[in-house]
Amino acid sequence: MATGKWLLYAGLSLSLVALCFLTVAISSDHWYETDARRYKERCRTFSNRRSDPGFIYIPNHSLPLRAAHAEHRGEERAEPRRWAPRNRRHLFAMSAADECSRRYNSTNMGLWNKCYRLGFDQDIEELIQQGIIERCSYIKYYYSASTSVRKDFSYNITRTIQQDDWHALHLRRMTAGFMGMALSIILFGWTIGLLGCCWEQGLMHYVAGLLFLMGGTFCIIALCTCVAGINFELSRYPRSLFTLPDDIGHGYGWSMFSAWCGLGLTLIAGFFCTLAPSIQPPPPPRTTYPKSRMENGTVC
């Protein structure tokens, strides 16, 4: 009896902590973060290079490659020559001037806002203090024309960008929708479990555990679609517009960690609450008295 109650109380407590973790994750803006300080330093160095008439700037990727080793020369003659990774990068990657022509900033992004990171760029901080720009901008959950489309793009590239915008919008909607449903289901399950503790109803405990497991499933779907949406944004075509340079650091922030902690605690709470009714002994049967019956006009 005591073991079942302890499991039930532990499950309800863990579900309440999981609600706090998920609420913090949903309301914060640190799901995905980028750090562009190295990129800005490189572009600042590139813009300050010598520009006198007698100086010729040669980037590293334009230097000649080393000669192949002697042991590989026979293989090159026997097989057709293939492009080395460095040659492919030279053909398809952007030059330093093209990369520095775009403005990459250090940002942190959540489900609702995308903000400039505090203290990472003094120029951005001055513009924010002057009121020229805002620190955070809202993430749109409705379709609007992409700002990445230019007039010099062909029809196929423009069409591809628009279709990818729709796909990215659906992934964002799925992430926010399933995360909201997970939070609502876990809150409803915690209410059912609390009422079951007051009324000593084992069936309500079992239902609360199932609701916790369902909320954890929705949370898994939301986190998977969030990761898929970020990876999709980084792999969109054309690469020159959507791929980040190598010297920009990017990764998941503490909001994502908080969401995963809430997911784990929710699943553990669901396991405890569904296990508690099976450990508790059944309630004692009610004492029934035989009903009196009438025989020949008298009550027996």
Side-chain angles (χ1 to χ4, degrees), residues 25-26 28-36 38-40 43 61 83 85 88-117 120 124 133-182 218-253 255-256 259-260:
I26 291 176
S28 58
D29 299 323
H30 293 272
W31 288 68
Y32 182 72
E33 299 175 345
T34 60
D35 186 359
R38 291 175 54 192
Y39 163 80
K40 288 183 177 293
C43 291
H61 59 76
W83 289 102
R88 290 197 299 268
R89 184 173 69 249
H90 173 67
L91 285 177
F92 297 103
M94 293 187 298
S95 63
D98 293 335
E99 285 186 351
C100 293
S101 63
R102 298 195 60 199
R103 293 297 302 270
Y104 292 99
N105 297 302
S106 300
T107 59
N108 55 272
M109 183 178 65
L111 296 180
W112 319 110
N113 298 316
K114 183 176 182 180
C115 306
Y116 295 106
R117 301 183 71 175
F120 275 68
I124 296 295
I133 61 175
E134 295 183 356
R135 180 171 297 277
C136 296
S137 59
Y138 294 106
I139 295 178
K140 297 179 181 180
Y141 281 90
Y142 58 90
Y143 180 77
S144 60
S146 177
T147 57
S148 302
V149 179
R150 298 201 305 256
K151 295 181 179 180
D152 57 343
F153 284 163
S154 64
Y155 174 79
N156 292 334
I157 296 179
T158 303
R159 187 66 175 173
T160 301
I161 293 176
Q162 292 175 350
Q163 291 177 352
D164 291 346
D165 286 341
W166 271 108
H167 188 63
L169 176 62
H170 290 328
L171 289 176
R172 289 197 301 269
R173 287 175 175 175
M174 288 179 62
T175 301
F178 276 102
M179 188 60 71
M181 287 189 292
F218 282 11
C219 189
I220 291 175
I221 297 174
L223 292 175
C224 290
T225 53
C226 178
V227 174
I230 293 173
N231 293 332
F232 176 75
E233 288 286 351
L234 295 176
S235 61
R236 288 180 59 177
Y237 180 83
R239 299 288 190 265
S240 59
L241 290 179
F242 298 101
T243 304
L244 295 177
D246 295 335
D247 49 2
I248 292 183
H250 58 99
Y252 302 107
S255 297
M256 179 70 77
W260 280 105

### Query
When rounded to the nearest 0.5 angstrom, what is the spacing between OH in Tyr143 and NE2 in His170?
10.5 Å
### Those residues that, when tested against Arg38, pass side chain to side chain contact (heavy atoms under 4.5 Å, CB included) (two or more places apart)
Asp247
#### Entry: Parallel, tilted or perpendicular: ring planes of Phe218 versus Phe178, cut at 30 and 60 degrees
perpendicular
### Message
Is any side-chain heavy atom of Arg236 closer than 4.5 Å to one of Ile161?
### Response
yes
### Message
For the CE atom of Met109 and the OG atom of Ser255, what is their distance to the nearest 0.5 Å?
### Response
11.0 Å
### Atom of Glu233, atom of Ala168 and distance for their closest heavy-atom approach
OE2-CB, 3.1 Å
### Test log, rule side-chain contact (heavy atoms from CB on, under 4.5 Å), inputs Leu111 and Ile139
CA-CA 7 Å; Leu111 296 180; Ile139 295 178; over 6 Å; no
### CA sep, side-chain torsions, deciding dist, call: Phe120, Thr107, side-chain contact (heavy atoms from CB on, under 4.5 Å)
CA-CA 9 Å; Phe120 275 68; Thr107 59; over 6 Å; no
### Task
Supply the atom-to-atom distance Tyr142 OH to Arg173 CZ, rounded to the nearest 0.5 angstrom.
11.0 Å
### Query
Looking at OG1 of Thr225 and CD1 of Ile220, how far apart are the two atoms once the value is rounded to the nearest 0.5 Å?
11.5 Å
### Query
With sequence neighbours left out, what residues match Asn231 under side chain to side chain contact (heavy atoms under 4.5 Å, CB included)?
Val227, Tyr252
### Message
Under the rule for side-chain hydrogen bond (donor to acceptor under 3.5 Å, both in side chains), what residues qualify as partners of Ser106, not counting sequence neighbours?
### Response
none
### Task
Could you walk me through whether Asn108 and Tyr32 pass the side-chain contact (heavy atoms from CB on, under 4.5 Å) test, one step at a time?
CA-CA 6 Å; Asn108 55 272; Tyr32 182 72; over 6 Å; no
## Note on the structure
Residue set satisfying side chain to side chain contact (heavy atoms under 4.5 Å, CB included) with Leu223, at least two apart, ordered chain then number -> Trp31, Met179, Cys219, Met256, Ala259, Trp260, Leu263
### Message
Looking at Lys114 and Asp29, would you say the former's side chain and the latter's main chain have a donor-acceptor pair under 3.5 Å?
### Response
no
### Message
Let me confirm one number: the OH-SG distance from Tyr138 to Cys136, rounded to the nearest 0.5 Å.
### Response
9.0 Å
### Check: Thr34 main-chain N/O paired with Arg117 side-chain donor or acceptor under 3.5 Å
yes
### Task
Could you pull out the closest heavy-atom pair between Tyr39 and Ile248, with the gap in Å?
CB-CG1, 3.6 Å
### Query
Measuring from Cys226:SG to Met174:CE, what's the distance to the nearest 0.5 Å?
12.0 Å
### Task
Please lay out, stage by stage, how His250 and Leu234 fare under the test side-chain contact (heavy atoms from CB on, under 4.5 Å).
CA-CA 11 Å; His250 58 99; Leu234 295 176; 3.9 Å; yes
### Query
What residues, two or more places apart in sequence or in another chain, satisfy ring pair (Phe, Tyr, Trp, His ring centres under 6.0 Å) together with Phe232?
His167
### Summary
Contacts of Tyr116 meeting ring pair (Phe, Tyr, Trp, His ring centres under 6.0 Å) (sequence neighbours excluded), chain-then-number -> none
### Query
Would you say Tyr237 has more than 12 foreign heavy atoms packed within less than 6.0 Å of its OH?
no
